[in-house]
Protein chains: 2
Amino acid sequence: MAASARRGAPLTLEEISTTALRLMDEGGVEGLSMRKLAAELDVNPMSLYHHVENKDALIRLICSTAAQRMQLPPDDGSPWQEQLRALAMAYHRHVGQHPAMWSYLHNHPELIADRELIIWQTLYRVLRLAGVPESELRRTSDVLHAFVTGFVVAETHGHLPDDPEEVKADFDAAVRLMIHGVAGFTR
Amino acid sequence: MAASARRGAPLTLEEISTTALRLMDEGGVEGLSMRKLAAELDVNPMSLYHHVENKDALIRLICSTAAQRMQLPPDDGSPWQEQLRALAMAYHRHVGQHPAMWSYLHNHPELIADRELIIWQTLYRVLRLAGVPESELRRTSDVLHAFVTGFVVAETHGHLPDDPEEVKADFDAAVRLMIHGVAGFTR
DNA sequence: ACCTGAACACCGTTCAAGT
DNA sequence: ACCTGAACACCGTTCAAGT
């Protein structure tokens, strides 16, 4: 056994990653430290190293579990333009919930490179529907993903204090620009 | 007088910001610390606080001087599509030279919000040329800027090791998508 | 197997003291 | 006016020791 001296139960990866993500959500990147996380879990800082190799690995864990759990819209049969907008909105919501995590992810794109992730599967499906040829799927999805990430990160960190109507109009303009871009692409 | 005990001349903001940017370029965000910067300048760490309020102010200084010095293409009379591409390429080059600074900037868009900056002036000019109405300039330029930043940051951090031909094709696709998007916008 | 305390090499920053 | 050293409250991480 050898559970914690202060806690009843032993640590799990599950609660480590959940608590770490919460700390990041609440206090940004600098809100998460190994020592604060340990304090939050009521455990010795060094105990964490038995479950996670180091801080980088911890953040990687947070990102991958959060990315896997993203709630993305299913294929409802609507036109690709609407589905692209719905996907962008789902992205927008997720970044709004975990801005610090997405900032990190934006600077470490390799953590989200796995094409089996639901986010890529969904984007591929929408782009196929739009008529993007198979050979261009990787490239087009990369570009759109970078665009959307750039936009929502800038929006979340930049002008949230603004008039929400303005933010909505900005978001609409971004989506329309992408739709026109993809349409012009396959025409 | 009262210059440094170890150096001949007193510190200047100029050399502080130049050296700090170099440290960031060489070692990423974690390559820049007040103590390393002081060591590099052969000065006591605390001396820096006489020229700069704190580390945040130092990074703000780096970003604003670098942004002011960006070399952007002048109006050469070519079509707006070509000028937009040239602008994106200039951006691309600058981010490639200072990736860590741009990562920071991407997460602190307020540092680049001043519409008098050459980057906004240039973008406004190109968009006017493309026929974007005055009332939509702020919005459209925000969206495009976020897109370009998203793309070049992702590219710089993500798949530079790739085949340079592929990177170039990705960049072309991104520019074409933006051009189609803007064109569809004003049609 | 899992947890712990002490220790090391780093941080940013404050403050009182030097010239 | 500008620089400095000591000190404080933080970091991530290693290591040897506990159960």
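Each chain gets a letter, A, B and so on, in the order the sequences are listed, and its residues count up from 1.
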Can you check the [X] [atom1] to [N] [atom2] distance for me, whole Å?
{"X": "L37(B)", "N": "dC10(C)", "atom1": "CG", "atom2": "C1'", "value": "16 Å"}
{"X": "N44(A)", "N": "dA17(D)", "atom1": "CG", "atom2": "P", "value": "17 Å"}
{"X": "R35(B)", "N": "dC8(D)", "atom1": "CZ", "atom2": "P", "value": "14 Å"}
{"X": "L48(A)", "N": "dG12(D)", "atom1": "CG", "atom2": "P", "value": "10 Å"}
{"X": "K36(B)", "N": "dC10(C)", "atom1": "NZ", "atom2": "C1'", "value": "9 Å"}
{"X": "M34(B)", "N": "dG5(D)", "atom1": "CE", "atom2": "P", "value": "17 Å"}

Would one find more than 12 heavy atoms of other residues, nucleotides or ligands at under 6.0 Å from atom CD of E53(B)?
-> no
Can you list the residues that meet the side chain to side chain donor-acceptor pair (under 3.5 Å) rule with E134(B), with sequence neighbours excluded?
-> R128(B)
Assign M46(B) to base, sugar-phosphate, or nothing according to its heavy-atom contacts below 4.0 angstrom with the strands shown.
-> base
When all nucleic acid strands are considered with a 4.0 Å heavy-atom cut-off, which category describes S47(B): base, sugar-phosphate, or nothing?
-> base
What nucleotide, of dT4(D), dC3(D), dC3(C), holds the atom closest to the side chain of P10(A)?
-> dC3(C)
Verify, without hydrogens or angle tests, whether H92(B) (side chain) and A88(B) (backbone) share a donor-acceptor contact under 3.5 angstrom.
-> no
Would you mind writing out the side-chain donor-acceptor pairs for residues 100-107 of chain A within the sub-3.5 Å range, not counting sequence neighbours?
unit_1, atom_1, unit_2, atom_2, d
W102(A), NE1, H94(A), ND1, 3.0
S103(A), OG, P99(A), O, 3.2
S103(A), OG, H157(A), NE2, 2.9
S103(A), OG, N107(B), OD1, 3.3
H106(A), ND1, H106(B), ND1, 3.2
N107(A), OD1, S103(B), OG, 3.3
N107(A), ND2, S103(A), O, 3.3

Sorted by chain and residue number, the ring pair (Phe, Tyr, Trp, His ring centres under 6.0 Å) partners of W120(A) (sequence neighbours excluded) come out as H145(A)
Please work out which residues in residues 49-59 of chain B have a non-hydrogen atom less than 4.0 Å from an atom of DNA chain D and list them by number.
-> H50(B), H51(B)
What are the residues of residues 17-25 of chain B, sorted by number, that bring a heavy atom to within less than 4.0 Å of DNA chain D?
-> none
Watson-Crick or G-U pairs under 3.5 Å in DNA chain D, rendered as dot-bracket with [ ] for crossing pairs and | for another strand = ||.|||||...|||||.||
